[in-house]
Every structure is written in structure tokens, then in C-alpha cells.
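For reference, the structure discussed in these notes is given below.
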Protein chains: 4
Amino acid sequence: MTDQAKPLRADARRNRAKVLAAAEQVFAEFGASVSTEQVAARAGVAIGTVFRHFPTKQELLRALLRELLARRTEELTTLVAEGDPATALFEFFTRLVAEAAANKAVVDLLAEAGMDVQVAEQVRSFQHALAQLLDRAKLAGAVRADVRLDEVLALLGAISQGALLGSWDRDLQTRTLAIVFTGLLPGG
Amino acid sequence: MTDQAKPLRADARRNRAKVLAAAEQVFAEFGASVSTEQVAARAGVAIGTVFRHFPTKQELLRALLRELLARRTEELTTLVAEGDPATALFEFFTRLVAEAAANKAVVDLLAEAGMDVQVAEQVRSFQHALAQLLDRAKLAGAVRADVRLDEVLALLGAISQGALLGSWDRDLQTRTLAIVFTGLLPGG
Amino acid sequence: MTDQAKPLRADARRNRAKVLAAAEQVFAEFGASVSTEQVAARAGVAIGTVFRHFPTKQELLRALLRELLARRTEELTTLVAEGDPATALFEFFTRLVAEAAANKAVVDLLAEAGMDVQVAEQVRSFQHALAQLLDRAKLAGAVRADVRLDEVLALLGAISQGALLGSWDRDLQTRTLAIVFTGLLPGG
Amino acid sequence: MTDQAKPLRADARRNRAKVLAAAEQVFAEFGASVSTEQVAARAGVAIGTVFRHFPTKQELLRALLRELLARRTEELTTLVAEGDPATALFEFFTRLVAEAAANKAVVDLLAEAGMDVQVAEQVRSFQHALAQLLDRAKLAGAVRADVRLDEVLALLGAISQGALLGSWDRDLQTRTLAIVFTGLLPGG
DNA sequence: AATGAATGAGAATTCATTCAT
DNA sequence: AATGAATGAATTCTCATTCAT
């Protein structure tokens, strides 16, 4: 549903993946302002190849963001199906923050994600999956009943970005999250 | 100690202030990537004047960050001296988040502040003042005794950035902060 | 003599024709600077196919020009054989201008045609046919005896291009040509 | 009225003139598609200087066209004031064609001039001056009374372009124009 | 032979920074 | 000191052409 364009030739699909992987690395390392040339170089392809697959730099960033969101949504879905309801939300939260701390692009990307219709669908899916996790956590008594989805999203985003920009180490991540988790507990 | 350069001529000092004020506005509105020309235009001076006062764009950004930090530190100092110890921390937290939500530059700036020796002094002052506020809050029984300064700083930064990038409205700011404040409360 | 290459496979010949037809449309519409991709798209073939038939874009343009010239030459030949000698030249003139007014490529093409040996043969044929038409017009007393071929060619080219670039409507075409035709009349 | 922007600094005005002069040469020689770099090189300035004076290539082309039109208009005005009414129009016609024959840019430029509001004023002035010349020629009995301005403009443009694209030599220019002039004579 | 992906040399434009006025 | 023009490297994007499938 996301990429129903004509099936790419094998080599083209391979290169598209290479570019996307390179983009993830490079953007993670240097932020969304690195030149497309850097991405091409990291991918080991010519600049034209990047632009063939993603006609503008924006497109590339969007595609990357879509993929990141899709990956997170998948993790959420797994947790909804298999995780312990009482801890699944906290687990996901923790994991996401750890990942964000290593990815400089996410911040730049998320900044525009909200107003970008082209990723809206992925955002919706993601939020939907998170909503389910939140509901389960409430049912399991791990989260106060009046906590709303947008608050959780806001905290998640904020902490993720904070972890990245502030270069928090693992310990600081844990302690900071502990405070937030306490704030979410029932009877708080 | 940071700016012990020779005393500026009156008009030069005036221009320096104009540039800094313009920079704050423009960077707040468009982020750290606007051109220096925009800053000059807003300040009503020629581009050369900006570069005379701040030899590189980095310098200008750093000076701006220093000033912002100094201003916050001043607010903190006032709160330490005059505020109600039980709520002063929360008050400051709330105010800072509201301000950040309107200032696009802070995020870009803070991203590098950590690793920048040139603003280290201001950062230290700021942290020192915040530490005092935290201590008082603990003494007043408003914050759990084992909460550490770096956790508070981390949360503060994260929420501020989150508020900005996520364009949180006032209501969402309040609710999100409420969770964090609950997490900081004793007996949590 | 121009295309004595090996006889093409049936499908190849078909494709060559498709490309040439597409090129005529596309170049007529957008001028000689459209990308070869546009031509391929219009022809419904892949870009590689275009380049297999015409190894460079220049070749394609030349081939197109050759064809256009051949077509005009054919029209001239018909007029020489069948037309009323007293008006055939004016008729052709009028028709060509009307066609040019709808074809943006011709101008760009003709600009280089002169110095291009590869189309010289077609140019010669064309001029030869036009010369015959001119002779007949003189014999019929419709054109002054001292009018030379290069003058007629020059006027023909100029008016054609003018009509195209100036987007003359049919009325303006007619009136402008009337002046030229008057200038060609005997006793002028 | 054309450039009432703030008076440029002496060196800036000098450079602007250098760029415009270089543009005229280079565009005349290679057509409107040469790179702006070529213009900069010919002018002996850096590429940035060209773009400071003319923010886009289009602007540069427009400025050039405006200047060319202004120059022609001036010539026309002089002829109206001083020339022999019976021959002034033919004289101007002849001169313009000769100049066009050496200027490859004019064609590309004129192609868009029609639809460009930014040169509309210059075009109007030019047409106005030409109209006066035409009126005088009619009064002097050198041109048929029913010849209209748009026909003259059309012929002028067409022949100019033809002379350029066809690389007509002086003799051919003369003979071709003679035909047109004959067509314009009264009693034709 | 056809396909369409990859290449890489430009081209226009921007912008931090320098320097003559 | 201020001005604002000049510089030129960097960036995004295009497109003719080549080449693997």
C-alpha cells in the first residue's frame, strides 16, 4: 500500500535499498542537512542514482521517515500481541529512546512529519498501534486511566529527541525514563 | 570574562545589540539555518556589520546561546531568592517550556551547546542555579530526595525541544508536564 | 545514400518510425531542448531504444529535419507537376508558413541545418524542387524575372520562423505574405 | 523609469555594465542557452557577481532584451526627428536586419518577449516609435496607406531572425529587403 | 533488439566570508 | 566602524549517454 509502483528490476531494488540504508546512516550521523552527495558516496552509487530513486532530497527524507515509522509500528504490533501488558509500554518507550539517541536524523525529520501529508498514513498507523499498547497498560493497571495518547506521544517524542541531542548515556536514559514512568503510574 | 575585548564605541555597542536582538528573532522564527543576510536585514545593518561583530556565523549563534542561557540563569537566581521553594522548580520548568515552544533556534543551538567549550561557562552557571532550585524543592518536600540534577536537566531539555518541534499547544504542555511533575514527587 | 545501413528487422523499423513520429510531436511542441526521455515516453519505448536508433540527440534531430525536408520536397514536386504555375509558388509559401507556425522545432533545427553536411543532400533536393517552382512562376508571369532562388529561400525561411516565434495568427500570416507576394510581382 | 532602484555604488555600476556587455557578446555568439558561467568568465567576474546583479538567468536575459529594445527605440526616435521620411523606415529596417544577423540571442529572446510583462513597456515604446516612422513614410508617399503596423513588425522580426539563423551575407540581406520594400510601395 | 537503471558532467542558485570604498 | 559588492565553494537537480539484464 505504501509502494505499489511497478515492481523494480532486481538491481534497481538493490540500489534503492542501498541508498536508503546509506541515507539512514548518514542522516543519523550528521542530521538532515548533509548533502545528497554524501549519501550517494556512502551508498557507493553515483549521485544520479540517488535522484533516480528519490527525485528530490525531500522525497528521500520522507521515504526514510516512512520506513523508520513502519519499523517502529511493527515493533509495537509485536509487543501488543506478545508482550506483558503491564510493562510493554515502558519497554517500547525505553527501546525507542535508546534508538533515537543514536540517530540524529529523527529529530529533523519528526519536526516536519506532522505537517507532511505524505507520511501521514504511517504516522496514523504508528499512533494507532501505540494507542493499543496504552489501553492494555491501563487495563493491566500499569498506567493511570486518565493518561491520554497525545501526552504519551509528546513525552515519547520529547525524550527521544532529548536523548539524541543531549547525547544521554544509557544510565541517564534509564533514570530519566524512571521519572516519567513514575508519573504515569496509577495513584500518582 | 567571555567578552573582555576593548570597550566598544557607543554606536558599535548599539549595533552589536541590534544584531543580537535580530538574530534572536530570526533564528527563533526560522531556525539556525537562515542566512546571515536575513539577520542583517532584520537588524537594519549591512552584512559586513554582522561579521565585524561576530566573525563567523558560529560565533553569532554561540553569542546568542550565551545570552539566552544568561537570561535563564538570571530568572533562576530570582526564583531561588524569592520564589516559593515548593513550586519554584515547577514554575521555572513550565515557563521555559512555553518559551522554547516559540523559539525554533534553541533546539539547533542546544544540539551543539554541550560540546562547545565557548559556552561552557554559561552552561555551568545555569546548572549551578538550577541545582540550587532543585535543592530547595527537595528541602521543601516537593521533590523526591534521590532525584539528580542531570535527570532534571535532561527532562527540561527534552520537554522544551519536544514542545517546540511538536508545536504543542498550551494545554498539551500542561498535561505533559503534569506527568513529569508527578514523577518527581516524593513517594512516587 | 543516407541510410544505406543493413535492412532493419520489422519491429526495429516500426520502432524507429514511432520514435521519429514522437520526436516530431514533442519537438514541435516544446522546441529542440526537450529531453530525449520525453521523446521516448511519447513514443512508448524505453530511452535505450531511442539511442539505439539515433546514437546521439543530434542524430535524432538531424533525422527529423531530413524527414521534414523530404516531405516538403515531395509537396513541391507535386505542385510542380500539378499546380497552377501562376500561383503554385505562393500556395506553397503560404502552406509552409502555416505549418511552421505550429512547429517550434523547425526554427531550432534550421538554425544548424545550414552548416550540417548530413542534411545537405535533402537541402539540395528541396532547393532544386523550389527552383523549378520559381521558374514556372516566372514563365507564367507571376514573378519578376530577376528574382533569385536564394532570395525566395531566405524570405520563406524568415517568414516561417517569424510566424512561429511571433505566434502570428492566420490573418497576420496572410497580410504579411501579401506584402511579400506583391514585392515578387512583375513590374513592382 | 526602467531602473529607478537605489543608485548603485560606482564599482557596482561598473560591474553591472561589464556583465551586461559580456552577456550581450556571449549570448549573441552562442544563443540564450550558454551558461551563466560563460557570461561571468567573459565579464571577468565571479559567478556570484552575476547573480548579485541579476538574481536569475531570466532576469539577465530580460535586462539584456530591455537594453537592446531601448537602443533600437532611440535609433528610431532619431530617425523620426532627422531622417528623410521617404526612406527612414527602409533605412531602419535595413540596419536592424544587419545587426540581427550578428546576434544569436535576439531570436531566443524575442521568442519570449511577447509574453513577458517585464519588457512590455520597452516593447510598447519601440512599437510607438516605429508607428511614427511608418506614418511619416505613408505621408511621404513611400509606403502604401493600407499597410498596418503589425505587418511591418512581423516582417521586421521575421527578416531579422531569418538573417541571423540563415547567416545571410550583406548582399542577400539587401536583395531580400528589396523585395519586401517593393511590396510596401504604393500602387503595388 | 529492447529495456530501463547507472553514470557523471554540468547548470542554476545560495551563502558564508572577504575586502574595497 | 559601517557599508555592501565580490568571491567561489557547495548544493540540488537535470540529462545525454552507457551498460547490465
Side-chain angles (χ1 to χ4, degrees), chain A residues 6 8-16 19 33-38 40 43-60, chain B residues 8-16 33-41 45-60, chain C residues 8-16 33-41 44-60, chain D residues 6 8-16 19 33-38 40 43-58 60:
Chain A
K6 78 201 61 142
L8 291 172
R9 234 165 61 178
D11 56 343
R13 191 167 52 248
R14 222 164 19 241
N15 267 343
R16 187 182 200 280
V19 169
S33 68
V34 264
S35 78
T36 313
E37 288 261 9
Q38 303 292 310
V45 301
I47 182 68
T49 302
V50 176
F51 277 94
R52 161 168 279 265
H53 288 289
F54 308 95
T56 65
K57 194 184 178 182
Q58 270 302 315
E59 284 297 321
L60 175 56
Chain B
L8 293 171
R9 239 166 59 179
D11 58 342
R13 192 168 52 250
R14 236 180 348 260
N15 268 343
R16 197 192 131 91
S33 68
V34 265
S35 77
T36 314
E37 289 262 8
Q38 303 289 310
V39 175
V45 301
I47 181 69
T49 303
V50 175
F51 275 90
R52 161 166 287 268
H53 288 291
F54 308 95
T56 67
K57 194 184 182 184
Q58 269 302 315
E59 283 298 321
L60 175 56
Chain C
L8 294 170
R9 237 165 61 178
D11 59 342
R13 193 167 51 250
R14 237 181 348 260
N15 268 344
R16 198 191 132 90
S33 68
V34 265
S35 77
T36 314
E37 289 261 9
Q38 303 289 310
V39 175
V45 302
I47 181 70
T49 303
V50 176
F51 275 90
R52 161 166 285 270
H53 287 290
F54 307 95
T56 68
K57 193 183 182 183
Q58 269 303 315
E59 283 298 321
L60 175 56
Chain D
K6 79 204 60 144
L8 291 172
R9 234 167 58 179
D11 57 343
R13 191 167 53 248
R14 228 170 7 249
N15 267 342
R16 188 182 198 279
V19 168
S33 68
V34 264
S35 78
T36 312
E37 287 263 8
Q38 302 292 309
V45 301
I47 182 68
T49 302
V50 176
F51 277 92
R52 161 168 278 266
H53 288 289
F54 307 95
T56 65
K57 194 184 180 183
Q58 269 303 314
L60 175 56

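Labels below follow one simple rule: chain letters A, B, ... track the order of the sequence lines, proteins then strands, and each chain is numbered from 1. Source: prediction; values computed, not measured.
Of all heavy-atom pairs between C:His53 and C:Pro55, the closest is O-CD, 3.8 Å. Here the closest non-hydrogen pair linking B:Val50 and B:Ala40 is CG2-CB, 3.7 Å. Closest of all the heavy-atom pairs between D:Val34 and D:Lys57 is O-NZ, 2.8 Å. The nearest pair of heavy atoms linking A:Thr36 to A:Phe51 is CG2-CE1, 3.6 Å.
Stem list for DNA chain E (at least 3 consecutive Watson-Crick or G-U pairs, distances under 3.5 Å): E:2-21 with F:2-21.
C:His53 has a side-chain polar atom (N or O) that falls below the 4.0 Å cut-off from OP1 or OP2 of E:dA2. Look at C:Thr49 and you'll find a side-chain N or O under 4.0 angstrom from OP1 or OP2 of E:dT3. OP1 or OP2 of F:dA2 has at least one side-chain nitrogen or oxygen of B:Asn15 nearer than 4.0 Å.
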Legend entry - Base versus backbone protein contacts along nucleotides 11-21 of chain E [heavy-atom cut-off under 4.0 Å; B, S, -]: SSBB-SBB---
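With values rounded to the nearest 0.5 angstrom, C:Arg16 atom CZ is found 9.0 Å from C:Leu60 atom CG.
Nucleotide E:dG8 holds its C1' atom 14 Å from the CZ atom of A:Arg52, rounded to whole Å.
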